[in-house]
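Whatever order the structure lists ligands and atoms in, that order sets their numbers, starting from 1. Count residues from 1 along the sequence.
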Amino acid sequence: MKLYEYQAKEIFAKYGINIQKGELAKTPQEAKQVAAVIGGPVVLKSQVLVGGRGKAGGVKIVDDLSDVEKAAEKILETEIKGYKPNGILVLEKIEIKQELYLSIVFDRKMKKTVIIFSSFGGMDIEEVSKKHPQKIAKIYIEELLGLQDFHINRLLPLLNNDREILSKLKEIVKKLYSIYKKYDCLIVEINPLTLTENGELVALDGKMEIDNNAQYRQKSLVDTSNGIEEDPIELIGKQAGFVVIKLKGNISIISNGAGLALSTLDLLDKYNMGVANILDLSGGATPEKVIRAIKVVTQDKDVKGILFNIFGGITRCDEIARGIAGALNSIPEDISVVCRLQGTNRDEGINILKDVNLDADTDLEETVKNIVSTVNRG
Ligand code: GDP
Ligand code: MN
């Protein structure tokens, strides 16, 4: 569960992390009122659950208060990466001396919490790690030891050995770590954490994601949160009656069973191929249901290939194949389709697909290799 910037910042403020003065506005008129209270140049920020708002027109600095209403109207009608804004955060504009980056993330590979800090903030941390890897520090925390001063002291060189800033940063890291623990976060991020002209550190942005498995422990947040916004493709899936999981990559996996889908994902990973989304048909899929499923996943712009992995039991392979054949015309030409059919009425299914010139196999690994090489060829 992701939180909006304004929600994350409410929590930051509760823990004593500096934020700008400001408030959430739902309409251009409200934005104007908040700006009038601030009484000087403001920043208007679209409240969506994705980053990169700055580049997408979701962050506007307005120096003249008479321009606020119009700018707010524009932001409210601008979708960011497919999301409609949930409001505008109207903030007092601050003068930035330097932008820093700070996050605390659970690193699944290392099975540890990691603090990531960079003296290059304001841009995507992936970009910084490519262009200025020497400007990033990663500090892994042993769960039993917890966060200690010496961890943070390691950041001194990245701060030009400025001990005054280090001590301020130390306070913020400790507070952020408490938030991370208290709210069962997968990530808390401040990007940019800004150093102002008068030497203060201010959280200019805020991102928080709560582990969904901990929602029962975060009841108050879950109840008050309008932050449970799903990915557009997951929402489209839900409306069509499917459970869709959005991931990062180019293959869509359609299968009859979540376990089957996950093992397919593992196999694709073995061949270094990422998965765009997973759709579970569950048992007893009819051709109509298959057609509906294809309609859902082809709306995901990341998809370059669809891999059907069907293990027929109650589900009949020939029914699935009829659905795929029926939907073929509606699948964009740049999306390849491969199918692995096994189990009930397998051979009928394979024949139906062969008739429409589609690749079908009984072997999963062969099918995976097939889609990987097809998609890699472009
Ligand atoms: P994001 O693009 O979604 O990450 O949105 P941010 O909240 O990080 O804002 C993007 C950028 O807008 C920041 O990196 C700053 O450069 C700029 N910005 C945001 N707020 C202010 C502000 O109060 N003053 C100044 N000078 N720039 C700001
Ligand atoms: Mn940001």
Side-chain angles (χ1 to χ4, degrees), residues 2-13 17-25 31 34-65 67-68 71-72 74-76 78-105 115-132 135-136 172 176 179 185-209 227 229 231:
K2 291 179 181 167
L3 301 191
Y4 287 100
E5 176 191 4
Y6 77 93
Q7 295 174 310
K9 282 181 166 174
E10 273 169 20
I11 295 172
F12 290 176
I17 295 174
N18 290 334
I19 57 167
Q20 296 141 283
K21 213 164 45 171
E23 231 173 292
L24 182 74
V34 178
V37 174
I38 293 171
V42 291
V43 189
L44 305 180
K45 301 174 83 175
S46 178
Q47 295 301 288
V48 282
L49 294 175
V50 286
R53 293 166 301 169
K55 283 181 199 153
V59 178
K60 287 223 162 66
I61 293 178
V62 184
D63 290 315
D64 188 338
L65 288 186
D67 297 334
V68 168
K74 184 88 195 292
I75 288 183
L76 279 174
T78 305
E79 277 189 14
I80 312 264
K81 298 178 187 170
Y83 289 99
K84 283 199 183 72
N86 180 40
I88 296 177
L89 192 52
V90 183
L91 299 166
E92 152 196 44
K93 174 190 166 187
I94 60 163
E95 297 306 327
I96 300 173
K97 192 172 168 197
Q98 195 187 348
E99 296 188 312
L100 309 170
Y101 175 95
L102 174 65
S103 68
I104 304 180
V105 186
I115 295 175
I116 304 172
F117 176 80
S118 171
S119 50
F120 270 40
M123 52 172 142
D124 219 3
I125 194 69
E126 279 95 17
E127 211 179 310
V128 182
S129 90
K130 269 188 216 136
K131 289 187 187 152
H132 313 279
K135 299 288 184 195
I136 298 185
I172 294 184
L176 205 62
I179 293 171
C185 294
L186 295 173
I187 178 168
V188 275
E189 182 191 76
I190 305 178
N191 185 27
L193 172 66
T194 53
L195 181 62
T196 62
E197 290 296 344
N198 46 17
E200 294 301 322
L201 288 176
V202 179
L204 212 76
D205 194 4
K207 177 172 159 185
M208 272 176 80
E209 185 170 353
E229 194 170 296
D231 181 272

Option among E5, E23, E92 that satisfies the salt bridge (charged side-chain N to carboxylate O under 4.0 Å, His left out) test with K45: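 Exactly one option meets the salt bridge (charged side-chain N to carboxylate O under 4.0 Å, His left out) with K45, and it is E5.
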Is any N or O atom of [X], backbone or side chain, closer than 3.5 Å to an N or O atom of ligand 1?
{"X": "E95", "value": "no"}
{"X": "E5", "value": "no"}
{"X": "I96", "value": "no"}

Numbered atoms and elements of ligand 1 in range of [X], under 4.0 angstrom, heavy atoms:
{"X": "D205", "result": "1 (P), 4 (O), 5 (O), 6 (P), 7 (O), 8 (O)"}
{"X": "K45", "result": "6 (P), 7 (O)"}
{"X": "K93", "result": "23 (O), 24 (N)"}

[atom1] of [X] to [atom2] of [Y]: how many Å apart, nearest 0.5 Å?
{"X": "Q7", "Y": "Q47", "atom1": "CD", "atom2": "CD", "value": "8.5 Å"}
{"X": "I38", "Y": "L91", "atom1": "CD1", "atom2": "CG", "value": "6.5 Å"}
{"X": "Y101", "Y": "T194", "atom1": "OH", "atom2": "OG1", "value": "15.5 Å"}

At a 4.0 Å cut-off, with the gap strictly under it, does some heavy atom of Q20 reach an atom of ligand 1?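 A heavy atom of Q20 does come that close to ligand 1.
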Protein heavy-atom partner closest to [atom] - residue, atom, separation in Å:
{"atom": "atom 12 (O) of ligand 1", "answer": "V59 CG1, 3.8 Å"}
{"atom": "atom 15 (C) of ligand 1", "answer": "E99 OE2, 3.1 Å"}
{"atom": "atom 24 (N) of ligand 1", "answer": "I94 O, 2.8 Å"}
{"atom": "atom 2 (O) of ligand 1", "answer": "G54 N, 2.8 Å"}
{"atom": "atom 22 (C) of ligand 1", "answer": "V43 CG2, 3.5 Å"}
{"atom": "atom 21 (C) of ligand 1", "answer": "L204 CD2, 3.5 Å"}
{"atom": "atom 1 (P) of ligand 1", "answer": "R53 N, 3.6 Å"}

NZ/K207: more than 12 non-hydrogen atoms of other groups inside 6.0 Å: no
Is it true that atom NZ of K97 has more than 12 heavy atoms of other residues, nucleotides or ligands lying nearer than 6.0 Å?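 Not more than 12 within 6.0 Å, no.
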Got a sec: is E189 within less than 2.8 Å of the Mn ion (ligand 2) via an N/O/S atom?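 So E189 does not count as coordinating the Mn ion (ligand 2).
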Keeping [X] on the side-chain end and [Y] on the backbone end, is there a donor-acceptor pair under 3.5 Å?
{"X": "K81", "Y": "G51", "result": "yes"}
{"X": "S46", "Y": "I75", "result": "no"}
{"X": "N191", "Y": "G122", "result": "yes"}
{"X": "S118", "Y": "F120", "result": "yes"}

If I take the Mn ion (ligand 2) as the centre, what angle separates the OD2 atom of D205 from the O atom of N191? Nearest 10 degrees is fine.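 Reported to 10°, the angle equals 100°.
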Qualifying residue for side chain to side chain contact (heavy atoms under 4.5 Å, CB included) with M208, from L186, L176, I179: I179
N191 contact mode with ligand 1 (heavy-atom cut-off under 4.0 Å): backbone
